[in-house]
Amino acid sequence: MRLARQRLFLLLGSLLFMACDSSIPRPDHAEAHGAHTQAHPTTRADDGVGDPQLPGVGQVDPALEARLRALLAAKGSSYHPRTQHLEGGGAPTYVNRLIAERSPYLLQHAHNPVNWYPWGDEAFERARREGKPVFLSIGYSTCHWCHVMERESFEDVELAAYLNEHFIAIKVDREERPDIDDIYMTAVQMLTGHGGWPMTTILTPDRQPFFGGTYFPKPRLMAILEQIVVRYADDRDALVARARQLTRAITASSAPRPAGDVPGAEALENMARSLARGFDPVFGGIGGAPKFPQPARLMFLLRYYRRTSDAGALRVVRETLMKMADGGIYDQVGGGFHRYATDARWLVPHFEKMLYDNAQLVVVYLEAYQVTGEPRFAEIVRETLDYVAREMTSPEGGFYSATDADSPSPDGEDEEGLFFTWTPAEIEAVVGADEARVADAFWGVSSRGNFEGRTILSRPRPAAEVAAELRLSPTQLSTTIERVRGALYAARARRQPPLRDDKILTAWNGLMISAFARAALVLDEPRYGAVAKKAAEFVTKRLRDDSGALMRSYMDGAAVHRAYLDDHAFLIEGLLDLYELTGEGETMAEALRLQGALDDHYAADEGGYYMTRDDHEALLMRDRPSYDGAVPSGNSVEALNLLRIGEFTGADAARQKAERIFGAFSEGLSRGGLPRMLVALDFYLDQAREIVLVRPRQGSDVDLLRELRQTFLPNRVLLRLDTLELQAQASLLPILEGKRALSGRTTAYVCERGRCELPTSDPATFGQQLRRVRPLREGSAPSPLSLPTRR
């Protein structure tokens, strides 16, 4: 939908952008506005209406300043203000209203000289009262270019003074407020034809945008601000009219469209052919640089391969996953994936690590392991989950959000990638010359380096080739590398680490609960199941408001912001996966309660779900998410949740809601913008299996589970219970009716829509039942995918 909006309103956007063109020459701002940096605000103590002590503000409110300073003092000695404006002893020169917020991103800006407000009525009421436009800046805590724009512009006293005098400035964390981000990203895409963060928009006091862009260096940003101030003073009515026109376009873009028919197998075939055309046969991946992992597309191709046996689909997935695992996008020392690669070879990453990327990639590598049996894929799963458990998990069990791309150098300056890169001398200092020689050959380390004079570790050559060159056996090489890897990790841990965003987001935790639960089942790793269970207990208990409604974000002991669609959808998915691992009835009951809340407060009459609850703050639009980007659409995940719930409970109503999602988004499914929803569509078009394993009390299902672990069977639901648990859950899950452990042995039931094959306790027979595949098309297979032969 986002791309459709972009195309649909490109002409409108061009016209509006031209109206706010910032390329017009202007006087030198350093000279023209020097007075602003010298001005001293008056102090006002009578009514408390003023501002903190900041450049360019007209009146200071001593009571407000004192309150903000008290909030700063309450943070204690462990708090380190992120600013270049420091007094003796390291105290920040400036404190603005963001010091009262919990978001790590907003707190990064709490000591800018900009008079920032958080999003809320107070800021817009003041803009209306004073007749000023609103400067809205949206980003997130680990965004590299957000940091650059902060250093260049928002830490600049001159620019801050100009903003403070002529605008009301608002800062938003897109990860906490995806609803706001979605609206104004739509506006920016309409205006410019592209989007990204940091996002910069200018609004009327009625919250309607009339200018938008992304990153601007300080000279260009100052020019834009000057022009807008002039136009807002001289031709405000025209700007307001244009803002209303753009707002109508934004609203129209989110308006429900007539539902279509549920797409058939041709939608899956079209998507597979499209992805095959974009395959890079040299370095793997879909598309050129910069290269993103695109886990939803890889998940789809694995399912396409299962239903068609098309070798091309499997080749795209296998080579992409191998190249990523060997590249610099993967942290060869600590495990886990960086955000994306800036080059075609997967070598030079953007070094931030996001929880949602790693959660989805774990699932893809796990599924690819089931399909191929490739040990390297299981190794990547374990290393990534171990990284998350070790570095990204709170003591209470929730998962943190991200780590930054930048880290401090010895001289205190932030440098991108410094924490993750090495020189030959650094490696030799850790492990000695002999093992350093092995490490350098294995990971491609050189004195010249491959990134600003340092080396991003990768695996540029096959291990067998390196072993032969060094005259080592494969086992000797592997043993040495594991020993060196541990030593390098310990040495790296003594470096100044990148900033970690410690907020706990419900949606992203749902994704990672899924990853740990699925890995525990497939790899037979109980410790991963324990991590998933603890995280689920934390989120379901602590991310609640007083009424019991789900919340979005948790930080410093408090949950904030009512949950969005993706919070519910991703957590429901995680709980269903955890239930398949544990068979605990309360886990399923909680998933069904969350689904009930979603149906009651988020459902759209036309099918699918809105991003926001029905009693949410009134914004310019109430969107139904309809695009799978780095994070899948909540509607895509919900389509599969509903199908699974329908299989678990036998409820036709859940299946019908999924059908309505497919109909409501049939256009996006046909265009290929919803690969994760196509995963759900594959489940729908196939005949899903209902697998019930019933154990006698004190019995084991390990032999039968071994068959299940070795079989890639995505279109199924799994129930694992002993006889006592079965009796307790039978009323909740009618599928359990008539199931029991036969002859005192664990018994497997493989069913389709309630019709079951003969129950069995024999692993071989059970494996045969699992491995039967219904082809994508009965009678005629699709033509083989045609892959490019060169870039």
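From a predicted model like this one, the values you see are computed outputs, not experimental measurements.
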Checklist line | Stacked cation flag Arg495 on Trp422, 6.0 angstrom / 45 deg | finding: yes
Margin query: Set out, in order, the CA-CA distance, both residues' side-chain angles and the distance that settles side chain to side chain donor-acceptor pair (under 3.5 Å) for Ser553 and Lys503, then state yes or no.
Written below: CA-CA 7 Å; Ser553 179; Lys503 70 175 180 292; over 6 Å; no
Check: Going by an N to O cut-off under 4.0 Å, is there a salt bridge joining Asp566 and Arg552?
Finding: yes
Next item on the list: Assert yes or no for the condition that the ring centre distance of Phe516 to Phe399 is strictly below 6.0 Å.
Entry: yes
Next item on the list: Look at Asp404 together with Arg500 and state whether they make a salt bridge at an N to O cut-off of under 4.0 Å.
Entry: no
Item checked: Ring centers of Tyr330, Trp346 separated by less than 6.0 Å -> no
Checklist line | Charged N-O contact under 4.0 Å between Asp326 and Arg376 | finding: yes
Checklist line | Parallel, tilted or perpendicular: ring planes of Tyr356 versus Trp508, cut at 30 and 60 degrees | finding: perpendicular
Next item on the list: Would you please test Ser407 and Gln496 for side chain to side chain donor-acceptor pair (under 3.5 Å) and show each step?
Entry: CA-CA 7 Å; Ser407 58; Gln496 282 286 335; over 6 Å; no
Note to self: Salt bridge or not between Asp343 and Arg345? Use side-chain N to carboxylate O under 4.0 Å.
What the structure shows: no
Note to self: Would Arg390 pass as a cation-pi partner of Tyr489, given that its NZ or CZ must be under 6.0 Å from the six-membered ring centre and within 45 degrees of the axis?
What the structure shows: yes
Item checked: Presence of salt bridge, Arg483 and Glu435, under 4.0 angstrom -> yes
Check: Under 6.0 Å from the six-membered ring centre of Tyr387 and within 45° of its axis: does the NZ or CZ of Lys353 meet both?
Finding: yes
Check: Side-chain donor-acceptor pair under 3.5 Å between Glu152 and Tyr215, yes or no?
Finding: yes
Checklist line | Arg527 bridged to Glu525 by N-O distance under 4.0 Å | finding: yes
Item checked: Sidechain N-carboxylate O distance under 4.0 Å for Lys218, Glu155 -> no
Check: Distance-only, no hydrogens or angles: does the Thr421 side chain make a donor-acceptor pair with backbone N or O of Gly417 under 3.5 Å?
Finding: yes
Notebook entry, point to check: With distance as the sole criterion, is a donor-acceptor pair present between the side chains of Arg676 and Ser636 under 3.5 Å?
Noted result: no
Note to self: Under 6.0 Å between ring centres: does that hold for Phe351 and His338?
What the structure shows: yes
Check: Is the ring centre of Tyr400 less than 6.0 Å from the ring centre of Tyr554?
Finding: no
Notebook entry, point to check: Strictly under 6.0 Å, is that where the ring centroids of Tyr140 and Tyr105 end up?
Noted result: no
